Amino acid sequence: EQGINDGIDKLEESAFNPQAEIIKANTVEYAKTYERTSNSFEFELTTQEGDVVKIQAMSNYESYQEALKAKGNGSELYASYSEQNNSSGFNLLVEGDLNDEEMAAIESLMSQVNDLANEFYTGDLGTAFDMAMNLTSDADQIAEFSLDLKQTQLNSYEYGAMKGDALGNAGNCLLYTSPSPRDRQKS
């Protein structure tokens with residue numbers, strides 16, 4: 001039992017009281033990336049009887065990474081951080097009472113719309129446009145419909161490196177021999 005307690009004490013000491021030393025880096029490199037993709041989908045349909053169906057959906061994806069590498073005096077420091085966020089939402093509104101024939105017509109149209117949206121969001125705009133121009137619906141059941149698809153993408157990349165005298169005092173780096181509290185909190 002004492003051996004287990006000693007091991008736990010050593011683990012706690014290294015995890016919560018990291019030892020650091022200063023190294024003089026002669027090479028420092030860093031990289032950062034940020035990516036965001038936002039998709040939105042809006043579909044509205046009116047039946048011949050005046051019933052209205054509205055569907056809205058959205059999704060957002062964000063990714064951020066950064067890395068740092070410093071070398072000097074036979075030591076190397078490497079640090080990295082990564083974060084990803086996803087969110088999505090869906091809203092369906094039906095005004096009126098849909099009958100079986102209207103439901104069948106809506107399902108048939110939505111099948112085409114789903115295929116079109118898949119092509120659009122994966123980047124095949126030519127195919128998506130052709131599919132949009134060829135959408136068909138049961139005119140006996142569906143009076144009109146509209147579709148609005150949007151996608152916004154943002155990509156940002158940054159890289160930098162410094163060597164030798166360009167570093168000046170900025171070349172002093174702390175090298176931790178065990179994880180810092182910040183590293184444990186982000187994991």
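Only a predicted model underlies this, so the values are computations on that prediction, with no experimental measurement involved. One is the number of the first residue; the rest follow in order along the sequence. Because only heavy atoms are used, hydrogens play no part in the values below, and waters and symmetry mates are left out as well, while side chains stay in.
If you take OG on Ser80 and CD on Glu66, they are separated by 9.0 Å, rounding to the nearest 0.5 Å. Interatomic distance, Gln56 CD to Phe90 CZ, rounded to the nearest 0.5 Å: 10.0 Å. Separation of atoms CG (Leu154) and CD (Glu62) is listed at 9.0 Å; rounding is to 0.5 Å. Taking CG of Asn118 as the reference point, atom CG of Leu116 lies at 9.5 Å (rounded to 0.5 Å). Atom-to-atom distance recorded for Glu49:CD and Ile142:CD1 is 12.0 Å, nearest 0.5 angstrom. Residue Phe145 holds its CZ atom at 10.5 Å from CE of Met110, rounded to the nearest 0.5 Å.
Within the 4.5 Å cutoff, side-chain heavy atoms of Val113 are placed close to those of Leu147. The side-chain heavy atoms of Phe120 and Leu125, taken from C-beta on, include a pair separated by under 4.5 Å. Residues Ile106 and Asp138 form no side-chain contact, since every pair of their non-hydrogen atoms from C-beta on lies 4.5 Å or further apart. In this structure the side chain of Leu77 never reaches within 4.5 angstrom of the side chain of Lys69, judged on heavy atoms. When side chains are defined from C-beta on, Thr136 does not count as touching Asn134, because their heavy atoms never get closer than 4.5 Å. Considering only heavy atoms from C-beta on, Asn114 stays 4.5 Å or farther from Phe43 through its side chain. Gln112 places none of its side-chain heavy atoms less than 4.5 Å from the side chain of Ser137. Side chains of Gln151 and Thr37 form a contact here, defined as non-hydrogen atoms less than 4.5 Å apart.
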(request) Could you walk me through whether Leu45 and Glu144 pass the side chain to side chain contact (heavy atoms under 4.5 Å, CB included) test, one step at a time? (result) CA-CA 6 Å; Leu45 173 143; Glu144 62 183 12; over 6 Å; no
(request) Apply side chain to side chain contact (heavy atoms under 4.5 Å, CB included) to the pair Ser87 and Met58, showing each step before the final yes or no. (result) CA-CA 8 Å; Ser87 63; Met58 56 72 68; 4.3 Å; yes
(request) Carefully, step by step, assess Phe41 and Ile55 under the rule side chain to side chain contact (heavy atoms under 4.5 Å, CB included). (result) CA-CA 8 Å; Phe41 173 99; Ile55 302 172; 3.9 Å; yes
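Judged as a side-chain hydrogen bond (donor to acceptor under 3.5 Å, both in side chains), and not counting sequence neighbours, Glu95 has no contacts. Listed by chain and residue number, Lys150 satisfy the salt bridge (charged side-chain N to carboxylate O under 4.0 Å, His left out) test with Asp148 (two or more places apart in sequence, or in another chain).
Residue pairs satisfying the side chain to side chain donor-acceptor pair (under 3.5 Å) criterion with at least one member in residues 120-130, sequence neighbours excluded, are listed as follows: Asp124-Thr127.
Inspection of the Gln84 and Asn86 side chains reveals no N or O donor paired with an N or O acceptor under 3.5 Å. Side-chain polar atoms of Ser63 and Glu35 form no donor-acceptor pair below 3.5 angstrom.
Side chain of Thr47 to main chain of Asp51: a donor-acceptor pair is present (N/O by atom type, distance under 3.5 Å, no hydrogens or angles). For Glu101 (side chain) and Gln141 (main-chain N/O), no donor-acceptor pair under 3.5 Å exists by modelled atom type. One N or O on the side chain of Gln48 and one on the backbone of Ala139 form a donor-acceptor pair closer than 3.5 Å.
Under the 30°/60° scheme for interplanar angles, the aromatic rings of Tyr34 and Tyr64 are found to be tilted.
Within 6.0 Å of atom CG in Leu93, more than 12 heavy atoms from other residues, nucleotides or ligands are found, so the atom counts as buried in its surroundings. Within a 6.0 Å radius of CG in Asp97, no more than 12 heavy atoms belonging to other residues, nucleotides or ligands are found.
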